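The structure appears right after this line, and notes come after that.
Lettering of chains follows the sequences in order, A, B, ..., and the numbering in each one begins at 1. Nothing here was measured: the structure is a model prediction, and the numbers come from that model.
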Amino acid sequence: MKKRIATAVAVFVLTTAASTIGATPSATSKVTTVSLPGPGDYDPGYKNAPNVALLTTNCQLCHSSNYVRTQPLLSHDAWAAEISKMKKVYGAPITDADEAKIVDYLTANYGKP
Amino acid sequence: MASRSIFLGGVAGALGAAAIGRAANAAAEPASIVAPFENGYRPVVALAQKRPLIMLSPRPPLLETPFSVFDRGILTPNDAFFVRWHLSMIPEKIDASAHRIAVTGTERTLSLSLANLKNDYEQVTIVAVNQCSGNSRGFFGPRVAGGQWQNGAMGNARWKGVRLRDVLAKAGLKAGTKQIQFQGLERAPITSTPLFRKSLDLDVAQNENVIIAYEMNGAPLPVLNGFPVRLVVPGYFSTYWTKMLAHIRALDTVDDNFWMKTAYRIPDTPNNGVLPTDKGFPTIPIGPMRVRSFATNIIDGGTLAAGNPEIRGIAFDNGSGIAKVELSADGGTTWLPTTLDADAGPFSFRRWSTRLDLVPSRSLVIACRATSNAGVVQPVEPVWTPGGYLKNNIETYKVTVA
């Protein structure tokens, strides 16, 4: 068990070394430029199942699939509430017909009965 | 590059420690972790100006600080500081000298440059914890939808800037001003999404500790933390700490935009919690943080060397400061005092430590409990809120002594 703690200490050192990764903008430079992930970057995408294209079309417009894949397994009602919110509050351009299909897709692939 | 593993412990869940991923090369094959709850897989990725962090989402970027970082000192390094955006169009090229903050709804309209902030106002610094409203949401039971953070959606930094109230004084507040609204540069890809706007009641906005900050731990802010300027609202959850601050509006009504009226609200009950089955209760906008403490050099499900090991961690509240942190080695039945480190101010993390006498072959539940100077003690039972906000119950760590 001492060995485990020694390992943890060694890894702390590595984490420190990792702190040198990534530039910090110079105080004198006027323009700071970074590159942030765009649509699809670092994004494994949705499970390939019927109607997946509705998600890549509608949902990926604004956010990564990680938003869905990291949620707990939600019920049909909970997914329906989320999609309703995306549509009514965030203004996602989802038709009523597609909304039902998206909720069914999410319940089947990222939900619980 | 040689294989390396990155220590990503500090999980305080009941289900055991996080699994630890492995990376040969951080760029080509990111390390990953598995948080101890459903759908807990997370890649560990270095995005702009950041070291490898636990990635909840690449777009908009949501990055969590590995908990081991909090064991290294009370200030969270800029490149390790957590990241949370709401809308995915974030400027990638920022000319700080061209950036302006509009101040409107006041007697005089202002257009503030960074030079204005640095030359025309008193410069102030404050050490303050910035914690996401949804920090620890993944540990809610029952689970709720939202960003599924462990405990690393928080950080502590030394912020430098100017007092908001000095800026408001220069602009001149009109009689009848009720709230001050803040808006940054982030935008959604579709115009039908409400702009991210947050408002503070006038008395909160006028507090001397609220600053417009252009520096974080002695350096410019990372872009992902709001370069070139962000609002800093010590003691309040991060939702009010507007990044890339571009517009300050004095309002003569209470802000009823989506981000105030519908999102980021908590139950208006005595402890702001409800039962998961409750419906129809009144709600209010989330506000001040709650007292919390964490151990930083042990992890749930981990091991401790027998003898006289040091246990240490951090504690904070919303600005009264930490009066004491107690430690239990019997799951909270009896409590021992700990020693508090130097005080960096009432809004900062406060370090605590003590030593335990431990014999081998025992399984223990270690718990830490903070009490604020306001006399508030962390509760044993977690508060449950529909939004996954306000978790601050006593953290426990099951460890084996060997």
A/Asp41 bridged to B/Arg59 by N-O distance under 4.0 Å =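 Between B/Arg59 and A/Asp41 there is no salt bridge, as every charged N stays at least 4.0 Å from the carboxylate O atoms.
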key: Residues B/Asp300 and B/Lys398 bridged, charged N to O under 4.0 Å   =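 No, this pair does not count.
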request  = Would you confirm whether the ring centroid of B/His86 sits within less than 6.0 angstrom of the ring centroid of B/Tyr264?
outcome  =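 Yes, the ring centres sit under 6.0 Å apart.
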Check whether [X] gets within reach of chain A through its side chain, its backbone, both or neither, counting any heavy atom under 4.5 Å.
{"X": "B/Leu114", "answer": "neither"}
{"X": "B/Trp149", "answer": "neither"}
{"X": "B/Leu224", "answer": "side chain"}
{"X": "B/Ile90", "answer": "both"}
{"X": "B/Ala145", "answer": "both"}
{"X": "B/Pro60", "answer": "both"}
{"X": "B/Arg42", "answer": "side chain"}

ask   = How far apart are the closest heavy atoms of B/Pro189 and B/Met89, and which atoms are they?
value =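 Closest approach of B/Pro189 to B/Met89, heavy atoms only: CA-SD, 3.5 Å.
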message = Check the orientation of B/Trp259 and A/Tyr90. Use parallel for under 30°, tilted for 30 to 60°, and perpendicular for over 60°.
response =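 Aromatic pair B/Trp259/A/Tyr90 classed perpendicular.
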inquiry  = side-chain hydrogen bond (donor to acceptor under 3.5 Å, both in side chains) for B/Thr303 and B/Thr400? Distances and angles first, verdict last.
reply    = CA-CA 5 Å; B/Thr303 57; B/Thr400 303; over 6 Å; no
Residue, of [options], that accumulates the most heavy atom pairs under 4.5 Å with chain A:
{"options": "B/Glu92, B/His99, B/Lys93, B/Met55", "answer": "B/Glu92"}
{"options": "B/Pro360, B/Ser97, B/Gly40, B/Pro91", "answer": "B/Ser97"}
{"options": "B/Gly146, B/Gly138, B/Pro228", "answer": "B/Gly146"}

request  = Sort A/Leu74 into side chain, backbone, both or neither according to what part of it lies under 4.5 angstrom from a heavy atom of chain B.
outcome  =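 It is the side chain, since no backbone atom gets that close.
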task = Against chain B, label A/Pro44 side chain, backbone, both or neither, depending on which of its atoms sit under 4.5 Å from a heavy atom there.
result =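 Neither part.
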request  = Would you check if there is a donor-acceptor pair between the side chains of B/Asn225 and B/Lys50 at a distance under 3.5 Å?
outcome  =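 Side-chain D/A pair, B/Lys50 to B/Asn225: present.
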Value rounded to 0.5 Å, distance of CG in A/Asn51 from OG1 in A/Thr56 =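 Spacing of CG (A/Asn51) from OG1 (A/Thr56) equals 10.5 Å.
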